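Please read the structure below before turning to the comments.
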Amino acid sequence: PIRRAAHFHRTMKCVSALAAAVAAAPGAAAAVAAFAPGVSTAYVTLGGLTCGGAQDAFVSYPSDVASGATYPLVSFAHGMDAYPEEYDVLTSTVAAAGYIVVGPRSGVDGWCESFWEDQVRVVSVAADRGAWNASDAWLWKAVDWSHGAGALGHSMGGLATVINAGDRRAFRAAAAVAPFWDGASDPAPFVAVPILYVGGSDDSTVPPASLEAFYAATDGYVDKAAVVLRGCTHDDVSDDPSMDQYVGGFLDCYLKSSATRAGGCEAIYGPAWGGAYTPLCDNWLLPHTYCDVAAVDRGGNGTNATRR
C-alpha cells in the first residue's frame, strides 16, 4: 500500500527549515514542488523484472518530450515496501532538471537482493525499444544517450544504485539517497562512476556513520560527494526539494553538455569550475547551517570536507 499520508507528516520536519532558507535568500528560485510544472507522468510496461510484483514502471519526464525534445535517462530504484510514485518530489524535481526518470514498480513487498538487476533492466529496455516501433517508442526515442544514463535510488534502491555504480556500461553517474548497509560488508566495493551520497542526521536506518562509510570506501579515483542534512529521517530525506535539485545538478555535471554541465559541476564542487564559490551545502540553496557533513572529492584531486 502507498504510505503517502504518513510520509507527508514526516517530511515536514526535514523540508521546512531548508524551504525557509530558500525563501529568504535574495533572488533565489522557488524550490520545485511535487509534480513540478512542466513535468508529466506515465506508466510503461517493462517486463523481465526479477523482484516480482508489477512488471511496469512509473515515469516522470519533461512535458516537451511530446514535441520531440530529448533528455538523458535516469533509472530510479525505490525503497523497501514502497512504490516509485511515493517519491514524486524527488522524481519530478529531477525530471524538471531535464531527465526522463523511470522507476520500476517491482520489488514492493519486502527486501529484494537482486533489485539492482531491475534498475539495469530499465536501461536495456530503453535501448532496445527505442530502436524499433514499439507502442511506447514515443518515450524511449526521447532518450538522449550522448553522455549515458544515470542511476538514482533510495534505501534498498540506494544500495542497488551503489552496486550499479560499478557498471560503466549501463551508467555514467549515480546518486544514492540513504543507501542501506548491513554494517559489516564492504559498502562500496566496485563503484566506478561519479557518485553522490545523501543522508539525514536523524536517520536511524542508515545513520550518518553508515553514509560516511560508503563515501570513505569509494575509491579515491572516482568523483564523489556526500551530504548529511540536519533534521532529516530515513523516509523524508528524499522529499527535500532543495536537496533534490542538487541531485539534478550532480547528474548535470556528468550527463549534460557545455554550460549545463558546468553549472552542475560548480554547484557541487565549487571554485574548480570558476565563478562564485558555491560548493555543495554552502550556498543559498543549502546553507551550511542545515548540513552536518558535506564532503566532495574530484577523483583524488583534492577533498573539500566540512563537519558541522
Side-chain angles (χ1 to χ4, degrees), residues 71-77 90-91 94 97-104 114-127 143-181 185-199 211-227 243-244 246-257 260-269 272-273 280 295-304:
Y71 297 96
L73 175 72
V74 172
S75 181
F76 172 70
L90 173 60
T91 57
V94 173
Y99 293 94
I100 296 172
V101 185
V102 182
S114 57
F115 195 37
W116 62 271
E117 296 180 16
D118 290 352
Q119 191 176 35
V120 174
R121 175 67 178 159
V122 170
V123 178
S124 62
V125 167
V143 174
D144 178 1
W145 296 102
S146 300
H147 301 281
L152 170 64
H154 171 255
S155 194
M156 178 177 77
L159 177 59
T161 296
V162 175
I163 292 171
N164 281 325
D167 187 352
R168 291 180 176 176
R169 296 169 301 174
F171 300 105
R172 296 294 179 87
V177 181
F180 182 79
W181 180 44
S185 59
D186 185 341
F190 305 118
V191 173
V193 302
I195 189 165
L196 168 66
Y197 297 106
V198 180
L211 196 79
E212 291 182 61
F214 275 103
Y215 182 85
T218 299
D219 198 295
Y221 74 84
V222 175
D223 288 3
K224 58 183 179 178
V227 60
M243 187 63 238
D244 294 345
Y246 265 108
V247 172
F250 182 85
L251 295 174
D252 283 352
C253 187
Y254 302 98
L255 302 181
K256 296 286 184 69
S257 301
T260 303
R261 176 176 183 265
C265 293
E266 181 180 329
I268 302 298
Y269 299 112
W273 291 89
L280 175 68
V296 297
D297 188 349
R298 293 197 61 243
N301 293 324
T303 298
N304 175 358

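Residue numbers start at 1 and run along the sequence shown. Here the structure is a predicted model, which means the values were calculated and not measured.
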Check [X] against [Y] and note the closest heavy-atom contact, atom names and distance.
X	Y	answer
Pro179	Phe214	O-CE1, 3.3 Å
Ala174	Thr161	CB-CG2, 3.7 Å
Ala176	Val162	CB-CG2, 3.8 Å
Trp145	Ala127	CZ2-N, 3.7 Å
Ala77	Phe115	CB-CE2, 3.6 Å
Phe76	Val101	CB-CG1, 3.9 Å

Check against side-chain contact (heavy atoms from CB on, under 4.5 Å), Val247 and Phe250: CA-CA 5 Å; Val247 172; Phe250 182 85; 5.8 Å; no
For Arg169 and Val120: C-alpha separation, side-chain torsions, deciding distance, then whether side-chain contact (heavy atoms from CB on, under 4.5 Å) applies. CA-CA 10 Å; Arg169 296 169 301 174; Val120 174; over 6 Å; no
Find the distance between [atom1] ([X]) and [atom2] ([Y]) and round it off to the nearest 0.5 Å.
X	Y	atom1	atom2	result
Leu152	Leu251	CG	CG	7.0 Å
Cys253	His147	SG	NE2	11.5 Å
Glu212	Tyr197	CD	OH	12.5 Å
Tyr254	Asp223	OH	CG	3.5 Å
Leu255	Arg261	CG	CZ	10.0 Å
Asp144	Lys256	CG	NZ	9.0 Å

Stepwise side-chain contact (heavy atoms from CB on, under 4.5 Å) check, Val193 with Arg172: CA-CA 6 Å; Val193 302; Arg172 296 294 179 87; 5.5 Å; no
So, does Tyr99 use its side chain to make a donor-acceptor pair with the main chain of Asp252 at under 3.5 Å? yes
Is a side-chain donor or acceptor of Ser75 paired with a backbone partner of Gln119 at a separation under 3.5 angstrom? yes
Would you check, one step at a time, whether the test side-chain contact (heavy atoms from CB on, under 4.5 Å) holds for Trp116 with Leu159? CA-CA 8 Å; Trp116 62 271; Leu159 177 59; over 6 Å; no
When Val102 is tested against each of Val125, Val143, Leu73, Val74 for side chain to side chain contact (heavy atoms under 4.5 Å, CB included), which residue passes? Leu73
